[in-house]
Amino acid sequence: MPLGGMIKSKLMKLPDDARFSTICIHAGQEPDPSTGAIITPIYQTSTYVQEAVGQHKGFEYARTQNPTRLALEMNIAAIEGGKAAFAFASGMAAIDTITTMLEAGDHVIVTDNTYGGTYRLFEQVLRRYQLSFTYVDTSCLELIERAIRPQTKMLFIETPTNPVMRLTDLSAASELARKHRITMVVDNTFASPVLQRPIAFGADLVVHSTTKYLNGHSDSVGGIVVAVRDEDIESLKFLQNAAGAILSPFDSWLILRGTKTLALRMAQHNTNAQALAEYLAGHPKVKAVFYPGLPSHPQHALAARQMTGFGGMLTFDVGSQDAAHEVCNRVRLMALAESLGGVETLISHPASMTHASVPPERRAKIGLTDGMVRISAGVEDPADLIADLAQALAAA
Ligand SMILES: Cc1ncc(COP(=O)(O)O)c(C=O)c1O
């Protein structure tokens, strides 16, 4: 069957008006045609046999196409409301591929509090290729507009940001980007498509570290780019094959398993993070809590408008690096680890872990203090998580 035919028949299984959690479970997948296996197999193959020269089933070489990866790409394209998706070996490989759509001399405006690894890629690698980057607080539209130059080709947004939980108004930003013919990219890793679908607000490209909520089980590293415009789809298809930083069949299979429970997991992540945020907000040793689900968050109204839940990530400030380290070192149930979005609750100290590659003066500028502790709330019973934090804070 030619590849196009396969895509069509796979998508035909879903009714056009299928709801979100149904899409998560079924999009891109149908029983395996040769055995009826309900789960898309791991097609662990490097090549595909052709019946005659040029006569094949839509798959020629596994860097270019793989059925397990294709199923995942169609699944996530549908989940994000895009037309096509392209899976990569990590979130950073996905972001790097997006930047290879640019040309030397182009300028990119970036959310100032972007993920530390993104900042490192832009500043320490891509500047060498004559790309330039300006970091602004994209929650302020005026600052984005002021940073636009004739060479500006891309607006790269993260919302909510990590770890200070600042939001950008996606509709307003996309209107501005459209007016100036700038491609708007949203890193949607933190929110997940359950809570926020940037394409519906006008984004051109959505990128994820699938390592996080999409996989959800802390056992895979991957990335994906979702596109809507035909020219972007052509370009990404070419770049994925040309540069070759593809996702493996096994990782594709793991993430497909993850997206089946994405909606369920996110509901519990939301509940747990809200419970922890409310507990911490009333704790005498906590100076501040950063969680969009708290009415005290300065952008609570925007979060309620733009997101369908407030997410599983929260940050709190205990006033000093020593106190933050104490809390991180004393938790028992929570795991002291980088990363986020898994079923297990993780705790980290951004200044010395995820954001250690961001210079201290930049950290200060974006409001990232040494006293901040970040939690990725898992899906355990929230009472157990609160008890763990209570004992860690009591001893801190
Ligand atoms: C928001 C965000 N984007 C991108 C990445 C990079 O993803 P990966 O670690 O899968 O390369 C991360 C990793 O933590 C992240 O938090």
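Indexing begins at 1, ligand by ligand and atom by atom, following the structure's order. Predicted model only: the values in this text are computed from it and were never measured.
Classification of Glu361 and Lys365 as a salt-bridged pair fails, no side-chain N sitting under 4.0 Å from a carboxylate O. Ion pairing between a basic and an acidic side chain is recognised when a charged N comes within 4.0 Å of a carboxylate O; Asp251 and Arg69 show no such pairing.
Exactly one residue among Ile95, Leu247, Val225, Val221 makes a side chain to side chain contact (heavy atoms under 4.5 Å, CB included) with Phe88. That residue is Val225. The side-chain hydrogen bond (donor to acceptor under 3.5 Å, both in side chains) test with Thr168 singles out one residue from Thr138, Thr159, Thr161, and that residue is Thr138.
Geometric assessment of Arg362 against the ring of Tyr135 yields a positive cation-pi assignment under the 6.0 Å and 45° thresholds.
Looking only at side-chain heavy atoms (C-beta outward), Leu121 and Met92 come within less than 4.5 Å of each other.
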Which protein N or O atoms sit under 3.5 Å from any N or O of ligand 1? Give each pair with its distance.
from	atom 1	to	atom 2	distance (Å)
ligand 1	3 (N)	Asp187	OD2	2.6
ligand 1	7 (O)	Ser209	OG	3.1
ligand 1	10 (O)	Gly91	N	2.9
ligand 1	10 (O)	Ser209	OG	2.8
ligand 1	10 (O)	Thr211	OG1	2.7
ligand 1	11 (O)	Gly91	N	3.0
ligand 1	11 (O)	Met92	N	2.9
ligand 1	14 (O)	Lys212	NZ	2.7

